[in-house]
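Here the structure comes first, spelled out in structure tokens, and everything after it is commentary.
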Amino acid sequence: MMRTIHLLFLVSVVVFGTLGGCNGGQLTKNFYKKSCPLAEDIVKNIIWKHVANNSALPAKLLRMHFHDCFVRGCEGSVLLNSTANNTAEKDATPNLSLAGFDVIDEVKAQLETTCPGVVSCADILALSARDSVSFQFNKSMWKVWTGRRDGTVSLASEALASIPSPFSNFTTLKQDFADKGLNATDLVVLSGAHTIGVGHCNLFSNRLYNFTGKGDADPSLNSTYAAFLKTKCPSLSDNTTTVEMDPQSSLSFDSHYYTNLKLHQGLFQSDAALLTNDDASNIVDELRDSDDFFTEFAESMRRMGAIGVLTGSAGEIREKCSVVNS
């Protein structure tokens with residue numbers, strides 16, 4: 001089933017030669033080849049420098065890219081600061097734990113020195129997410145098509161409404177992804193990003209205490225794992241402690257997430273939800289193979305990276321990623 005989906009997708013790319021967003025915009029390979037030929041090298045060099053000193057950065061930049069694309073599309077609205085008259089996406093509850101904005105700003109500053117007014121913050125974020133994950137492998141792990149432009153609107157309320165919740169069931173998650181033009185395969189594949197990074201106790205501790213109102217843990221959670229998590233998160237009120245999303249492997253981008261998931265060691269309800277649908281559970285089985293996971297992840301990232309993109313004369317090229325141009 002997965003292969004059929006991706007063959008159809010590849011045919012569409014061959015026919016049209018570009019990757020389109022939901023608004024009909026088009027991304028291309030090597031968009032900056034003539035206008036800023038060193039752009040992608042500059043991004044990679046700065047990102048790899050930071051990841052070499054901070055192995056937690058890939059999870060942060062990958063999450064930031066996801067959260068950007070699921071609100072208004074991949075147009076950099078998650079990077080905008082709040083103003084006196086507006087609470088921006090980055091100050092919405094799901095985004096309060098985002099980090100890495102300073103790294104994006106450093107990349108943007110260098111690109112503005114090299115090619116003023118050319119490279120968008122939206123493209124910088126898409127490239128940075130890819131490059132941060134790729135550092136571990138010393139090669140690029142997926143293609144990023146470029147040509148995105150930056151949006152000028154950022155609303156915390158839209159982030160709350162659009163970013164998939166870690167408490168969601170499969171039906172809700174599938175609809176969340178369908179709303180963005182992504183399918184159930186993309187849902188399972190992109191959930192594999194949870195192979196790196198950490199989760200805050202308050203986003204899963206409801207699974208540990210009084211889950212069904214009888215003082216019990218979520219029966220779909222491995223009991224040994226639940227006991228371990230209780231030692232990390234001793235109360236429902238803890239919103240500062242973090243736990244690895246992929247135990248013993250949270251700094252390594254691999255297929256271990258799916259192995260743990262089949263052992264009922266998915267941290268969030270949204271992880272466990274992938275096993276409640278037969279087709280999704282079968283895809284989880286396939287993705288335990290690293291090569292399959294890397295191939296599928298590359299495809300789904302390319303599809304996600306095209307959500308709602310602004311191209312051509314739409315939007316703007318921000319001078320600073322945190323503020324709209326004056």
In one Ile/Leu/Val/Met/Phe/Trp/Tyr side-chain cluster, 4.5 Å: Phe268, Leu236: yes
Find out whether Val144 and Thr146 are in side-chain contact, i.e. whether some heavy atom of one side chain is under 4.5 Å from a heavy atom of the other. yes
Look only at the side chain of Ser250 and the backbone of Met245, and say whether a donor-acceptor pair between them is shorter than 3.5 Å. no
Show the numbers, then the answer: is there a side-chain hydrogen bond (donor to acceptor under 3.5 Å, both in side chains) between Ser220 and Asp218? CA-CA 5 Å; Ser220 72; Asp218 181 346; 2.8 Å; yes
Are any non-hydrogen side-chain atoms of Ser168 and Leu173 less than 4.5 angstrom apart? yes
side-chain hydrogen bond (donor to acceptor under 3.5 Å, both in side chains) between Thr276 and Asn169, intermediate numbers included: CA-CA 9 Å; Thr276 64; Asn169 61 27; over 6 Å; no
Do you know which two heavy atoms are closest between Asn95 and Ala159, and how far apart they sit? ND2-CB, 3.9 Å
Same cluster or not: are Leu125 and Val118 linked, directly or through other Ile, Leu, Val, Met, Phe, Trp or Tyr residues, by side-chain heavy atoms under 4.5 angstrom apart? yes
Could Glu244 and Lys232 be called an ion pair, given the rule that one side-chain N must be under 4.0 Å from one carboxylate O? no
Would you call Leu274 and Ser281 a side-chain contact if the rule is heavy atoms closer than 4.5 Å? no
Tell me, with the steps shown, if Leu98 and His67 meet side-chain contact (heavy atoms from CB on, under 4.5 Å). CA-CA 9 Å; Leu98 290 181; His67 284 210; 4.1 Å; yes
Can you tell me how far the CE atom of Met64 sits from the SG atom of Cys69, to the nearest 0.5 Å? 12.0 Å
Can you check side-chain contact (heavy atoms from CB on, under 4.5 Å) on Leu57 and Leu61, steps first, answer last? CA-CA 6 Å; Leu57 189 60; Leu61 293 178; 3.8 Å; yes
Apply side-chain hydrogen bond (donor to acceptor under 3.5 Å, both in side chains) to residues Tyr257 and Asp271 and explain how you reach the verdict. CA-CA 9 Å; Tyr257 164 84; Asp271 295 319; 2.7 Å; yes
Where do Pro247 and Asn260 come nearest, in terms of heavy atoms and distance? CD-ND2, 3.3 Å
Say whether Phe297 and Phe137 are linked into one hydrophobic cluster, either directly or through other cluster members, by side-chain heavy-atom distances under 4.5 angstrom. yes
Ring-plane angle category for Phe253 and Phe294, please: parallel below 30°, perpendicular beyond 60°, tilted otherwise. parallel
Rounded distance (nearest 0.5 Å) linking atom CG of Leu221 with atom CG of Leu229: 6.0 Å
Taking NZ in Lys262 as the centre, count heavy atoms belonging to other residues, nucleotides or ligands within less than 6.0 Å. Is the count above 12? yes
Polar side chain donor-acceptor pair, Thr87 to Asp91, under 3.5 angstrom: no
Determine, stepwise, if the pair Asp246 / His194 fulfils side-chain hydrogen bond (donor to acceptor under 3.5 Å, both in side chains). CA-CA 7 Å; Asp246 187 1; His194 287 174; over 6 Å; no
Check whether Lys90 reaches the backbone of Leu79 with its side chain - one donor and one acceptor, N or O, closer than 3.5 Å. yes
Considering all heavy atoms of both residues, which atom of Gly76 and which atom of Asp68 are nearest to each other, and what is their separation? N-OD2, 2.9 Å
Could you pull out the closest heavy-atom pair between Ser313 and Arg149, with the gap in Å? C-NE, 3.9 Å
Applying ring pair (Phe, Tyr, Trp, His ring centres under 6.0 Å) to Tyr32 and not counting sequence neighbours gives none
With no hydrogens and no angle check, is any side-chain donor or acceptor of Ser162 less than 3.5 Å from a backbone partner on Val71? no
Output, in order, the C-alpha distance, side-chain angles, deciding distance and verdict of side-chain contact (heavy atoms from CB on, under 4.5 Å) for Asp150 and Leu310. CA-CA 7 Å; Asp150 297 323; Leu310 303 176; over 6 Å; no
Examine the side chains of Gln269 and Asn206 and answer whether a donor and an acceptor come within less than 3.5 Å of each other. yes
Between Ser77 and Glu89, do the side chains contain a donor N or O and an acceptor N or O under 3.5 Å apart? yes
Classify the side-chain pair Asn282/Glu286 by whether it contains a donor and acceptor separated by less than 3.5 Å. no
Could you go through the salt bridge (Lys or Arg N to Asp or Glu O under 4.0 Å) check for Lys320 and Asp105 one step at a time? CA-CA 7 Å; Lys320 286 185 63 178; Asp105 289 342; over 6 Å; no
Between Thr295 and Glu299, is any side-chain donor less than 3.5 angstrom from a side-chain acceptor? no
Using atom types as modelled and distance alone, determine if a side-chain donor or acceptor of Thr195 lies under 3.5 Å from a backbone N or O of Asp254. yes
Just so I know, are the side chains of Glu106 and Phe101 near enough to count as touching, which here means a heavy-atom distance under 4.5 Å? no
Has the side chain of Asn277 got a donor or acceptor atom that lies under 3.5 Å from a matching backbone atom of Ala280? yes
Kindly check if the number of other-residue, nucleotide or ligand heavy atoms within 6.0 Å of NZ (Lys49) is above 12? yes
Could you tell me whether a side-chain N or O of Ser205 sits under 3.5 Å from a main-chain N or O of Leu208, the two making a donor and an acceptor? no
Between Met304 and Phe70, is there a side-chain heavy-atom distance shorter than 4.5 Å? yes
Do side-chain atoms of Asp238 reach the backbone of Cys233 as a donor and acceptor pair under 3.5 angstrom? no
Less than 4.5 Å apart, any side-chain heavy atom of Phe135 and any of Ser132? no
Strictly distance-based, threshold 3.5 Å: is any side-chain N or O of Lys108 a donor or acceptor partner for the main-chain N or O of Arg318? yes
Go through the structure and list residues passing ring pair (Phe, Tyr, Trp, His ring centres under 6.0 Å) with Tyr225, not counting sequence neighbours. none
Lys44 atom NZ, neighbour heavy-atom count above 12 within 6.0 Å: no
Look up atom CD1 in Ile104 and atom NE2 in His65, then write down how far apart they are to the nearest 0.5 Å. 10.5 Å
Asp292 backbone acceptor or donor facing Asp289 side chain under 3.5 Å: yes
Decide yes or no for Leu190 and Phe177: does some side-chain heavy atom of the first lie under 4.5 Å from some side-chain heavy atom of the second? yes
hydrophobic_cluster_shared for Phe167 and Leu160, side chain cutoff 4.5 Å: no
Do Glu316 side-chain atoms and Asn325 backbone N/O form a donor-acceptor pair below 3.5 Å? yes
Is Val133 linked to Val107 within one hydrophobic cluster, defined over Ile, Leu, Val, Met, Phe, Trp and Tyr using a side-chain heavy-atom separation of less than 4.5 Å? yes
Identify the heavy atoms of Leu267 and Val243 that sit nearest to each other, and give their distance. CD2-O, 4.2 Å
Locate the shortest heavy-atom distance separating Gly215 from Asn210; write the atom from each residue and the value. N-OD1, 2.5 Å
Look up atom CZ in Phe228 and atom CD in Gln265, then write down how far apart they are to the nearest 0.5 Å. 9.5 Å
Derivation and outcome, side-chain contact (heavy atoms from CB on, under 4.5 Å), residues Arg63 and Ser97: CA-CA 10 Å; Arg63 182 167 178 247; Ser97 57; 2.9 Å; yes
Donor-acceptor side-chain pairing of Thr83 and Asn86 below 3.5 angstrom: no
Could you check whether any side-chain heavy atom of Ser128 comes within less than 4.5 Å of a side-chain heavy atom of Val43, counting everything from C-beta outward? yes
